[in-house]
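As C-alpha cells, the structure follows; a few thoughts come after it.
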Number of protein chains: 2
Amino acid sequence: MGRNQTFDTAAAVRAARAVFWARGYEATALPDLERATGLSRSSIYHAFASKRGLFDAAVDSYLDEVVRPRLRPLTEDDVAPDALDHYLTGLRDALLRGDTLPATSGCLLVNAANAPIGQDDGVAAVVEAYAAELRTAMAAGVRARLPHLADDATQTLSDVCTGLVISAFALVRVDRAEAARSLDTARAVLASAVAATATPR
Amino acid sequence: MGRNQTFDTAAAVRAARAVFWARGYEATALPDLERATGLSRSSIYHAFASKRGLFDAAVDSYLDEVVRPRLRPLTEDDVAPDALDHYLTGLRDALLRGDTLPATSGCLLVNAANAPIGQDDGVAAVVEAYAAELRTAMAAGVRARLPHLADDATQTLSDVCTGLVISAFALVRVDRAEAARSLDTARAVLASAVAATATPR
DNA sequence: TCGTTTTTGTACTGATCGGTCCACTATATG
DNA sequence: CATATAGTGGACCGATCAGTACAAAAACGA
C-alpha cells in the first residue's frame with residue numbers, strides 16, 4: 001500500500017558518489033547533491049535521512065561498484081600469475097586516462113581518510129577495512145606469481161604493493177605523473193623479485 | 001617611526017600551523033586561528049592579509065621547521081650509510097608517539113593534497129615540489145647505503161621508500177599501525193637489497 | 001608634541017551551511 | 001472510496017563562514 005518509489009536509489013547514490021568523490025564530503029553542499037541526483041532536498045532527506053546517510057550509501061556503493069570489481073581477479077579462488085601486474089597496469093592507466101574520476105580525484109576513501117570526516121570512527125573503520133582488503137588482495141597476487149617465495153618475503157612484497165597503491169592515490173590529485181611512477185615502481189619491484197627467484201645467481 | 005610589532009610572527013605562524021595541520025585548511029575557522037595565535041582578527045588580517053596568506057606562511061614554516069630538519073641528514077653533502085634507516089625509524093617512532101601532531105594528523109602537505117585546497121595551483125605546486133624533495137633525499141640515502149648499485153635499481157629503491165613514506169602519511173590518521181607497517185616495509189626492502197648485494201649467491 | 005604604525009574590540013556584511021517544516025500532488029493498495 | 005507512502009517546492013531556521021569598516025588606544029621616532 002502506498003506509492004512506489006519512482007527514482008532508482010542506486011543511480012541516485014552513484015550520482016552523489018561522484019560529487020563526494022570529486023569534492024570531498026565537507027565541500028559538497030546540499031544543492032550540489034540535489035543537482036547531481038535530480039532529487040529535491042525533501043526526497044533526499046526522506047530517502048537517506050541526512051547528508052551523512054547519503055555519504056555512507058555512497059561509500060558502500062564505491063566499495064561494491066568500484067573497488068571490488070577492480071580487485072576481483074585478485075580475490076577470487078584461483079588467481080592468475082599475472083593478475084597483480086594487470087591490476088597495477090590497469091590502475092596506472094586509469095590514473096592517466098584523461099578526466100575520469102580516478103585520474104582527477106584519486107580514491108574516495110583515501111581522500112576521506114585525510115579530511116575531517118576521516119576523524120569519524122565509522123569512516124575510519126571503513127577505510128581501515130579497505131586497506132586490509134587491499135593488502136589481502138595484493139598478497140594473493142604475489143602468491144600467485146611467486147608461489148614458492150618465503151612467507152616474510154611474500155608479506156614484504158605485498159606490503160610494498162599496498163603502500164605504493166595508496167601513495168599513488170594520495171598523489172594523483174596533485175601530480176599524476178608521480179602517481180603513475182609509484183605504480184610502475186610496484187611493478188618493477190615485483191619483476192625484480194621474479195627475476196631473482198627464476199635465475200638465482 | 002611607528003609602533004613596533006609586539007608579537008612574534010614566527011610563533012604566531014607556528015600556532016596557526018598546528019591548527020591547519022590538525023584540522024585542515026577548510027575546517028579551520030577564523031576564531032580557531034584567533035584562539036591559537038592569541039591575535040585578534042584585525043591583527044591577523046593586518047599581518048597576513050587573508051586566511052590563505054596565513055596558510056601559505058604556515059606551509060613555508062612547515063617545510064622549514066618540520067620537513068627539512070628531519071630530512072637534513074639525507075640532504076647534506078655527505079650522507080651516512082645508515083641515514084636512511086635512521087630517517088625511517090625516526091619517522092616510524094614519531095608516528096607512533098602518543099598525541100603528537102605527526103601521529104594524529106600525518107603530514108600537513110599530504111593532507112592538503114587530498115583536500116579542496118589541493119586543487120589550487122599554488123598549493124599543488126608546493127606539494128609536488130615537496131614530493132620531489134623527498135624523493136631526492138631518499139635517493140641520496142640509498143646511494144649512501146649502496147654506492148655500487150646500478151642506477152635503475154637505485155631509483156626503484158628510492159621510489160619505493162618515497163611511496164611508502166607518503167602512504168604512511170596518508171594512513172596515520174585512520175590506522176596508525178598500518179602506517180608504521182608501511183615504514184617497516186621500506187626498511188625491510190632496503191635491508192634485503194643490502195643483503196643481496198653483500199652476499200651474492 | 002606630532003605623525004606613524006601596531007594592535008585591539010566590536011559590530012557588521014552578504015553568503016552559505018545542514019536541516020526542518022508544511023502544504024500539496026501523485027500513485028499505490030485495500 | 002479511504003489511507004498510506006512517494007515526491008516536490010519553497011519558505012524558513014539558527015549557526016557559521018571569510019572578510020570589512022571604523023574608531024580608539026598604545027608605542028614608537030622625530
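We name chains A, B, ... by the order of the sequence lines, and we start the count at 1 in each one. The structure presented is a predicted model; accordingly, all values stated were derived computationally and were not measured.
The pair D93(A)-R97(A) does not count as a salt bridge, with every side-chain nitrogen at least 4.0 angstrom from each carboxylate oxygen. Salt-bridge formation is not detected for the pair R145(A)/D85(A): no Lys NZ or Arg NE/NH1/NH2 atom is positioned less than 4.0 Å from an Asp or Glu carboxylate oxygen. Classification of R181(B) and D184(B) as a salt-bridged pair fails, no side-chain N sitting under 4.0 Å from a carboxylate O.
Taking side-chain N and O atoms only, H46(B) has no distance below 4.0 Å to OP1 or OP2 of dT7(C). Between S40(B) and dT7(C), a side-chain N or O to OP1/OP2 separation shorter than 4.0 Å is absent.
A side-chain donor from one of R17(A) and S61(A) sits under 3.5 Å from a side-chain acceptor of the other. Side chains of R23(A) and T28(A): a donor-acceptor N/O pair is absent below 3.5 angstrom, by distance only.
When rounded to the nearest whole Å, the span between CZ of F48(B) and P of dT6(C) equals 13 Å. We find that CG of L54(A) is positioned 12 Å from P of dG18(C), with the value rounded to whole Å. Rounded to whole angstrom, the span from the CZ atom of F7(B) across to the C1' atom of dT6(C) amounts to 9 Å.
Within a 6.0 Å radius of CZ in R173(A), more than 12 heavy atoms belonging to other residues, nucleotides or ligands are found.
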Practice item. Encode nucleotides 15-22 of chain D as B, S and - characters from 5' to 3', where the letter depends on protein heavy atoms closer than 4.0 Å: B to the base, S only to sugar-phosphate, - to neither. Key: --SBBBB-
